[in-house]
Trainee: 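Got a structure for you, written out below as structure tokens; questions coming shortly.
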Amino acid sequence: MLQQTRVAVVAERYQEFLRRFPTLVSLALAPEQDVLAVWSGLGYYRRARMLHKAAQFVSTNLGGNLPAKAEELKLLPGIGAYTAAAVASIAHGEAVAVVDGNVERVLCRIAGWEAGSRKGGGAALRRKIEELARRLLDRARPGDWNQAMMELGATVCTPRNPQCMACPLMKECKTRGEHKTPRRAPMTSRVVAYALSVRTSTAPGKRRGPSMREVLLEQRPAEVTVMPGMWELPALLHSEVPATELRMTVRHAIMQVNYYARIRTVFEDDAAAITAAGGERRWVSLREAAGMALTGLTRKVLVRAHLVAMPAAEAIARRRGRAVV
DNA sequence: TATCCGTGGAT
DNA sequence: TATCCAAGGAT
């Protein structure tokens, strides 16, 4: 979860994930859609799929025992150099150096190297960074050292406005926090529209059964590159939405694109006519929808429309006012 | 090797 | 409001 995702965000979702999948075997045996559902809103869903596959591999081929060595951990799907080193050093005390985005920035500033401003040469610089990380590593307490390096980058040697006056390495640092980072592509904006179609249905076979509300959802095809297999509100072909049918507008940033999503109230009868062709489309009870692999945008809309309750972890965090590790 | 994959919090 | 970018990995 911590791959490219902030600690504060993960802290909310981590406990929920462990409650749902308390053991490696329970994760391995779960349907992929259930894993994605618990991951819903965290993004980078490939991480969830690979974690699932890793659990299955360990369960099937390694007798359920997760490797302890970094070199063996690296063989599992979704575990690269960073995660392997982090687990091996922190959990098992192996003397391997962690290089994450924070460490890379810290070391480049200390050594006076310029990171990635030129295309190419990235691999050579990367090797120098890893070599320096290995050389500096406290081999007696590798886990603590690695966490300290990452924490230094996260709290003091920050990308912008580094707190050099509070830095224990100020005297050793070549750059005192000056550090050119490569220019990023500018953000773009896109206006899109989705159908929010809700109907009330009665349980079949019951004369006066309890009615329940259902929402129309669509599953993204398995072939798409973005969020395959996830469920979302049906996309509309046209972004123009009459004011009377505009339920809400949601901004949803994905990578470098700001999506301004217009949510259109759609009556049941019209839904089929105006939705774009996609994957499977299903009427789903609100209760069921809350536990499905929804995209972040869809989850956000359903919560804001008071159709599904806020996920428990979010509600708790909001009550406390802050995420708690 | 450059690119792609999601999201939300900080600034 | 707009921009940046995070405890990366696979392809």
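Letters A, B, ... mirror the listed sequences (proteins, then strands); counts begin at 1.
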Trainee: Please tell me if H252(A) has a side-chain N or O lying less than 4.0 Å from either OP1 or OP2 of dG6(B).
Mentor: no

Trainee: Quick check on dA7(C): is either OP1 or OP2 less than 4.0 Å from any side-chain nitrogen or oxygen of Y14(A)?
Mentor: no

Trainee: Under a 4.5 Å side-chain heavy-atom rule over Ile, Leu, Val, Met, Phe, Trp and Tyr, are V7(A) and V87(A) clustered together?
Mentor: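 No.
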
Trainee: To the nearest Å, give me how far apart CG (L297(A)) and P (dT7(B)) are.
Mentor: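 After rounding, the gap between these two atoms is 8 Å.
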
Trainee: Using heavy-atom distances to pick each residue's nearest nucleotide on DNA chain C, tell me which of V99(A) and R6(A) is more 5'.
Mentor: R6(A)

Trainee: Between dT7(B) atom C1' and N258(A) atom CG, what is the distance in whole Å?
Mentor: 12 Å

Trainee: To the side chain of M50(A), which of dA6(C), dG9(C), dT7(B) is closest?
Mentor: dG9(C)

Trainee: Over all strands shown, is Y259(A) touching base, sugar-phosphate only, or nothing at heavy-atom distances under 4.0 angstrom?
Mentor: nothing

Trainee: To the side chain of D100(A), which of dT1(B), dG8(B), dG8(C) is closest?
Mentor: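 Selected nucleotide (nearest to the side chain): dG8(C).
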
Trainee: Between dT11(C) atom C1' and I79(A) atom CD1, what is the distance in whole Å?
Mentor: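 Those two atoms, CD1 and C1', are 18 Å apart.
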
Trainee: Mind calculating the distance between CE (M255(A)) and C1' (dA6(C)) to the nearest angstrom?
Mentor: 11 Å

Trainee: Of all the nucleotides listed (dA7(C), dC5(B), dT7(B)), which has the minimum atom distance to the side chain of T225(A)?
Mentor: dC5(B)

Trainee: Starting at atom OH of Y82(A), determine the distance to atom P of dA6(C), rounded to an integer number of angstrom.
Mentor: 13 Å

Trainee: Using 4.0 Å as the upper bound for N to carboxylate O, is an ion pair formed by E288(A) and R282(A)?
Mentor: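 Counted as a salt bridge, because a side-chain N and a carboxylate O are separated by less than 4.0 Å.
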
Trainee: Out of dG8(B), dG6(B), dA7(C), which nucleotide sits closest to the side chain of V7(A)?
Mentor: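 For the V7(A) side chain, the nearest candidate turns out to be dA7(C).
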
Trainee: Under 3.5 Å, is there a donor on one side chain and an acceptor on the other for Q3(A) and T83(A)?
Mentor: yes

Trainee: Go nucleotide by nucleotide along DNA chain C from the 5' end; which of R251(A) and Q147(A) gets its closest nucleotide reached first?
Mentor: R251(A)

Trainee: Could you check whether K74(A) gets within reach of a base, just the sugar-phosphate, or nothing at all, counting any heavy atom under 4.0 Å?
Mentor: nothing

Trainee: Which sits closer to the 5' end of DNA chain B, R160(A) or V257(A), going by the nucleotide each is nearest to?
Mentor: V257(A)

Trainee: Any donor-acceptor pair, under 3.5 Å, between the side chain of T5(A) and the base of dG6(B), if you only look at N and O atoms?
Mentor: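 Counting by modelled atom types and ignoring angles, a donor-acceptor contact under 3.5 Å is found here.
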
Trainee: Could you work out which one of dT7(B), dG9(B), dG8(C) sits closest to the side chain of V9(A)?
Mentor: dG9(B)

Trainee: Stems involving DNA chain C: give each as a range paired with a range, ordered by first number, where a stem means at least three consecutive Watson-Crick or G-U wobble pairs under 3.5 Å.
Mentor: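 Runs of three or more consecutive pairs: B:2-5 with C:8-11, B:7-11 with C:2-6.
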
Trainee: Can you tell me if Q4(A) touches the phosphate of dA6(C), counting only side-chain N or O atoms and a distance under 4.0 Å to OP1 or OP2?
Mentor: no

Trainee: Identify whether the distance between the nearest side-chain nitrogen and carboxylate oxygen of E16(A) and R13(A) falls below 4.0 Å.
Mentor: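 R13(A) and E16(A): salt-bridged.
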
Trainee: Before accepting this row, confirm whether a basic side-chain N of the pair E71(A)/K74(A) lies closer than 4.0 Å to the acidic partner's carboxylate O.
Mentor: yes

Trainee: Considering only side-chain heavy atoms of A253(A), which listed nucleotide, dA7(C), dG8(B), dG6(B), is closest?
Mentor: dG8(B)

Trainee: Same cluster or not: Y260(A) versus I263(A), using hydrophobic residues (I, L, V, M, F, W, Y) connected whenever any side-chain heavy atoms lie under 4.5 Å apart?
Mentor: no

Trainee: What nucleotide among dC5(B), dG8(B), dT7(B) has an atom nearest to a side-chain atom of Y44(A)?
Mentor: dC5(B)

Trainee: Could you state the CZ-C1' distance from R47(A) to dG6(B), rounded to the nearest angstrom?
Mentor: 8 Å

Trainee: Give the nucleotide from the list dG9(C), dC5(B), dA7(C) with an atom nearest to the side chain of Q3(A).
Mentor: dG9(C)

Trainee: In this structure, how many angstroms lie between the C1' atom of dC5(B) and the CH2 atom of W39(A), rounded?
Mentor: 13 Å

Trainee: Using atom P of each nucleotide, how far apart are dT3(B) and dA7(C) to the nearest Å?
Mentor: 24 Å

Trainee: Suppose you measure atom P in dG6(B) against the same atom in dT3(C); what distance do you get, rounded to whole Å?
Mentor: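 After rounding to an integer number of Å, I get 22 Å for this pair.
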
Trainee: Go through dG6(B), dT3(C), dA7(C) for me and flag the one nearest to the V226(A) side chain.
Mentor: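 The answer is dG6(B).
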
Trainee: P77(A) near the nucleic acid: base, sugar-phosphate alone, or nothing, with a heavy-atom cut-off under 4.0 Å?
Mentor: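 Touches sugar-phosphate only.
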
Trainee: Check whether any side-chain heavy atom of L216(A) lies under 4.5 Å from a side-chain heavy atom of V198(A), and answer yes or no.
Mentor: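 L216(A) vs V198(A): side chains apart.
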
Trainee: From the set dA6(C), dT7(B), dA10(C), return the single nucleotide nearest to any side-chain atom of R46(A).
Mentor: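 Of all the options, the side chain of R46(A) is nearest to dA10(C).
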
Trainee: Could you give the CG-to-P distance, from N161(A) to dC5(C), as a whole number of Å?
Mentor: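 The distance from CG of N161(A) to P of dC5(C) comes to 12 Å, rounded to the nearest Å.
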
Trainee: In terms of side-chain heavy atoms, does R20(A) have a donor or acceptor partner in S26(A) at a distance below 3.5 Å?
Mentor: no

Trainee: Quick check on dA7(C): is either OP1 or OP2 less than 4.0 Å from any side-chain nitrogen or oxygen of T83(A)?
Mentor: no

Trainee: So, E130(A) and R126(A), do they make that salt bridge, N to O below 4.0 Å?
Mentor: yes

Trainee: Would you say the side chains of S189(A) and N258(A) form a donor-acceptor pair under 3.5 Å?
Mentor: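 Absent: no donor and acceptor within the cut-off.
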
